[in-house]
Structure formats: C-alpha cells, structure tokens
Amino acid sequence: MNVLVTGSAGYIGSAVAHVLSEAGHTVTGYDLVAGRSASEARRVVGDVRDHALLADALKAHGVEAVVHLAGKIVVSESVADPLAYWDHNVRGGLALLSAMSQADVGLMVFSSSAAVYGELSEVPVPEHHPRQPINPYGRTKLAMEWVLEDLDRAGRLRYVALRYFNAAGALPGVAVERHQPETHLIPNALAAVRAGVPFQVFGDDYDTADGTAVRDYVHVADLAEAHQRALAHLAAGGASAALNVATGLGYSVAEVVASLERALGHPVPTQPTGRRAGDPPRLIGQGTAIRELLGWEPGHPDLDDVTASAAAARDVP
Ligand SMILES: NC(=O)c1ccc[n+]([C@@H]2O[C@H](COP(=O)([O-])OP(=O)(O)OC[C@H]3O[C@@H](n4cnc5c(N)ncnc54)[C@H](O)[C@@H]3O)[C@@H](O)[C@H]2O)c1
C-alpha cells in the first residue's frame, strides 16, 4: 500500500517507516524535519496543520492509508503551554483528517497514549478503563480518539488507535530514542553516564516493591510491528479499535538501572530526588486485546533486550 507516515523523522516514526517498508509498503514520510531515511520513498517536509500541503501530498502520492505519529509529546510542557499541544496535536489532527476526507483516504493508524487513562483504578489497565486524562497532553490524545470514533460512526473512516505505554530501546541504524527535551528514563540514564553525573531517580518512596515507579516498557521494534499489523487489519476490512500496546509486565526504575548496568558492564550511579508531579506509581497495560485482534505479542519482553539495544545504539547519530 501507499502509506503516509506523519512524524517519520521521530523516534517511533523512523521505526514504523522501516517496518512498513520492509513489509513491502511504499512509505511517504511527512515531518517538520527535512531529510529522508532509507525506509521512505520520499519525505514531504511540512506541518500537519498545513491542510493544503497535506491534501496535495495525499493526492500526488496516491496515499491509501495514514499512520499518524506527528505531535508534541512532553507532558510537563503540555501543562505549561496547553495551547501549543492543542494546536499541533488536535488542530494538526483535524487538518489531516479533513485532507484525508477530501482525498478519499479512509484508513488511519493513530498514535494514542496510555495518558488517556489518567488515574488508574485497575493495573494492568484494560482498554475499557475510564478515560480521564490528567494533563493537556493526554487530553489532546483523547480528543483525537473522540474525533476518530465520530468519523467511524459516520462511516467516513476506519482506524486503529494504538495506546502506547513506554516505548524504549533502539533499532540499530534506524531508530534511537532522542527527544528535545528528553524526559524518558533510559536515554536520560545513558546521558548521565556519558556526562559522568549521577542519574536522578524521581521518587524512591512509592508504594512499589523497591519504592521506585513501575512502567511497561515496549521495545520500539515491537511497537512498530503493531502498526504494521494494525494497517493489515484495516486493509483487510477490519473494524475500528483502540488497543493498548503493552507487555503486561512492569519494571521499576531501579530494575531498569540494574539492567542498564548489565548492558554497560559498569555501575550507573543514581541519586534519588523528589517525585515528578503527575507520575503514577505503576503504569502497566493489559495486552490481551491486541493479541486477540492483531495477533501481536511483544517479541522482546525481556528488559535486558531493551536496555542492551539502547546502550549499543547510544552513540549512533
Ligand atoms: N515515546 C513514547 O514513549 C510515547 C508514548 C506514548 C505515545 N507516544 C506518541 O508517539 C508519537 C511519536 O512519538 P516519538 O517518541 O517518536 O516522538 P518524536 O518527538 O521523536 O517524534 C515526533 C515527530 O513529529 C514531528 N512533528 C511534531 N509536530 C509536528 C507537526 N506539527 N507537523 C509535522 N510533524 C510534526 C517531529 O518533528 C518529530 O519528528 C507521538 O504522537 C507521541 O505522542 C510516544
């Protein structure tokens, strides 16, 4: 298929473009960032808020489906500057959906997030858990899920919203985790090691086995594969769905640090600091629905695979 991948220059988008092209799809990337990876037949440099440019790109490249990853992703930044998040994530999403409607493109895989759930009353969290996000970032993801639900009900589009948990690890030569600013654990721990300073652990007094926060880490290669399966499901006429992309396993910050020490072969000094506002003690997803609907299983559920790939790729540009 001809697939438009927005956010194709980013961490997860690069991995998605790679997996889709390996599966035989023709990928047109779309990102603010110029350049073109080997996985992209071309990259259109543009903003997802640019309706006219999107409409042209969809028509010019015969696009049949869209994987929409572009967006702003830092929770704390979304609290400080909500308008920027609504603008990029929701105005951008609406511009894209409207351009798709105009070009008669009726299939979308959307990057949603575990942030749509908010405070968890059940862990591992199932998809039917109430969606009450507690920050603007999560609200913009939920707003997009609502629009997709409405379009589906109107018979205008079929979609799979993938609710990511913690994307982690690297695909060598393809996707390395690097955000600006970086708020994620593994790249920050590796950066602290490089700088020769202790890695700051946000909170060591949570109600968890070792006091540090527990998360569900999904290898970026597995996450990318979920998009390929979601696309195949839609292309085969499958119904719309919102699915966790989760292993159902949780690892604490202390366990991730210990795993990084094994990968690096030396200690990673840490320094406990206060909890970060809005961080829940445990965030783990139920992964049964995606297994049943898409046949997706995490290929790298072992944390050591995730940290070893990140450690090995840390110097790759
Ligand atoms: N990284 C995670 O753990 C995680 C977890 C849950 C959800 N997500 C979602 O996954 C998606 C990708 O995340 P990532 O970690 O690869 O982030 P990233 O920052 O590496 O990639 C995002 C890409 O989107 C592009 N972009 C941003 N605004 C744009 C705009 N207005 N127009 C065009 N391009 C734009 C950026 O240039 C960047 O290349 C995001 O939608 C994010 O919300 C990520």
Side-chain angles (χ1 to χ4, degrees), residues 4-19 28-37 40 43-51 53-54 57 66-75 77-78 81 83-96 99 108-117 125 133 135-145 161-171 174-188 215-224 226-227 230 242-247 256 283 285 306 310:
L4 185 87
V5 176
T6 73
S8 59
Y11 167 49
I12 302 167
S14 311
V16 168
H18 173 76
V19 166
T28 297
Y30 191 101
D31 204 295
L32 292 169
V33 176
R36 178 179 74 85
S37 70
E40 294 161 280
R43 182 180 298 166
V44 178
V45 180
D47 194 308
V48 284
R49 295 167 295 182
D50 187 341
H51 180 273
L53 184 63
L54 283 164
V66 172
V67 181
H68 179 39
L69 299 108
K72 292 178 81 66
I73 75 156
V74 181
V75 169
E77 200 177 63
S78 81
D81 187 5
L83 201 52
Y85 276 69
W86 282 88
D87 200 39
H88 281 261
N89 295 1
V90 179
R91 186 159 74 93
L94 291 177
L96 175 58
M108 177 183 271
V109 179
F110 171 62
S111 285
S112 189
S113 167
V116 297
Y117 294 120
V125 58
N135 51 60
Y137 168 72
R139 279 198 246 277
T140 63
K141 293 292 181 185
L142 178 54
M144 283 301 294
E145 288 197 6
L162 294 174
R163 295 180 186 152
Y164 308 168
F165 283 69
N166 285 54
L171 251 177
V174 173
V176 178
E177 187 167 21
R178 193 180 289 122
H179 299 102
Q180 199 52 258
E182 187 56 81
T183 56
H184 294 166
L185 168 57
I186 294 173
N188 276 338
R215 295 288 179 273
D216 189 328
Y217 294 92
V218 179
H219 195 296
V220 69
D222 297 339
L223 182 53
H227 295 73
L243 301 168
N244 291 339
V245 190
T247 65
V256 174
L283 181 54
V306 172

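Just follow the structure's listing: the first ligand is 1, and inside any ligand the first atom is 1.
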Got Val75 and Thr183 here, is their nearest side-chain heavy-atom distance under 4.5 Å?
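A side-chain contact is absent here, since even the closest heavy-atom pair is not under 4.5 Å.
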Any chance the side chains of Thr247 and Tyr217 put a donor and an acceptor closer than 3.5 Å?
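Side-chain D/A pair, Thr247 to Tyr217: absent.
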Identify which of [options] has a heavy atom lying nearest to [atom].
atom                    : options                        : answer
atom 43 (O) of ligand 1 : Tyr217, Phe110, Tyr137, Tyr164 : Tyr137
atom 34 (N) of ligand 1 : Val45, Leu32, Leu162           : Leu32
atom 19 (O) of ligand 1 : His179, Lys141, Arg163         : His179
atom 37 (O) of ligand 1 : Asn166, Asp31, Val218          : Asp31
atom 30 (C) of ligand 1 : Val48, Val176, Val16           : Val48

Ignoring angles and geometry beyond distance, decide whether [X] reaches within less than 3.5 Å of ligand 1 through its nitrogen or oxygen atoms.
X      : answer
Leu69  : yes
Tyr11  : yes
His88  : yes
Asp47  : yes
Gly10  : yes
Arg178 : no

Does [X] reach ligand 1, in the sense of a heavy atom lying below 4.0 Å from it?
X      : result
Ser112 : yes
Glu177 : no
Ile73  : yes

If you count the atoms of ligand 1 from 1 in the order shown, which ones are under 4.0 Å from a heavy atom of [X]?
X      : result
Ala9   : 39 (O)
Gly46  : 32 (N), 33 (C)
His184 : 1 (N), 2 (C), 3 (O)
Phe165 : 3 (O), 5 (C)
Gly7   : 23 (C), 24 (O)
Val33  : 37 (O)
Ser111 : 10 (O), 11 (C), 41 (O)

Supply the atom-to-atom distance Leu32 CG to Asp50 CG, rounded to the nearest 0.5 angstrom.
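CG of Asp50 is found 10.5 Å from CG of Leu32.
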When you measure from the side chain of [X] to the backbone of [Y], do you find a donor-acceptor pair of N or O atoms at a distance under 3.5 Å?
X      : Y      : answer
Asp31  : Arg43  : no
Arg36  : Gly29  : no
Lys141 : Ser111 : yes
Thr6   : Leu69  : yes
Tyr85  : Val90  : no
Asn89  : Gly71  : no

Closest non-hydrogen atom pair between [X] and [Y], with its separation:
X     : Y      : result
Val45 : Ala34  : CG2-CA, 3.6 Å
Ser78 : Pro136 : O-CG, 3.1 Å
Ala70 : Val48  : CB-CG1, 4.0 Å

Taking the six-membered ring for Trp and the full ring for Phe, Tyr or His, determine whether the centres of Tyr30 and His68 are under 6.0 Å apart.
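Ring centres of His68 and Tyr30 not closer than 6.0 Å.
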side-chain hydrogen bond (donor to acceptor under 3.5 Å, both in side chains), that's the test. Do Glu77 and Tyr137 meet it? Break it down for me.
CA-CA 9 Å; Glu77 200 177 63; Tyr137 168 72; over 6 Å; no
Among all protein heavy atoms, pick the one closest to [atom] and tell me residue, atom and distance.
atom                    : result
atom 13 (O) of ligand 1 : Ile12 CD1, 3.8 Å
atom 22 (C) of ligand 1 : Gly71 O, 3.9 Å
atom 3 (O) of ligand 1  : Ala167 N, 3.2 Å

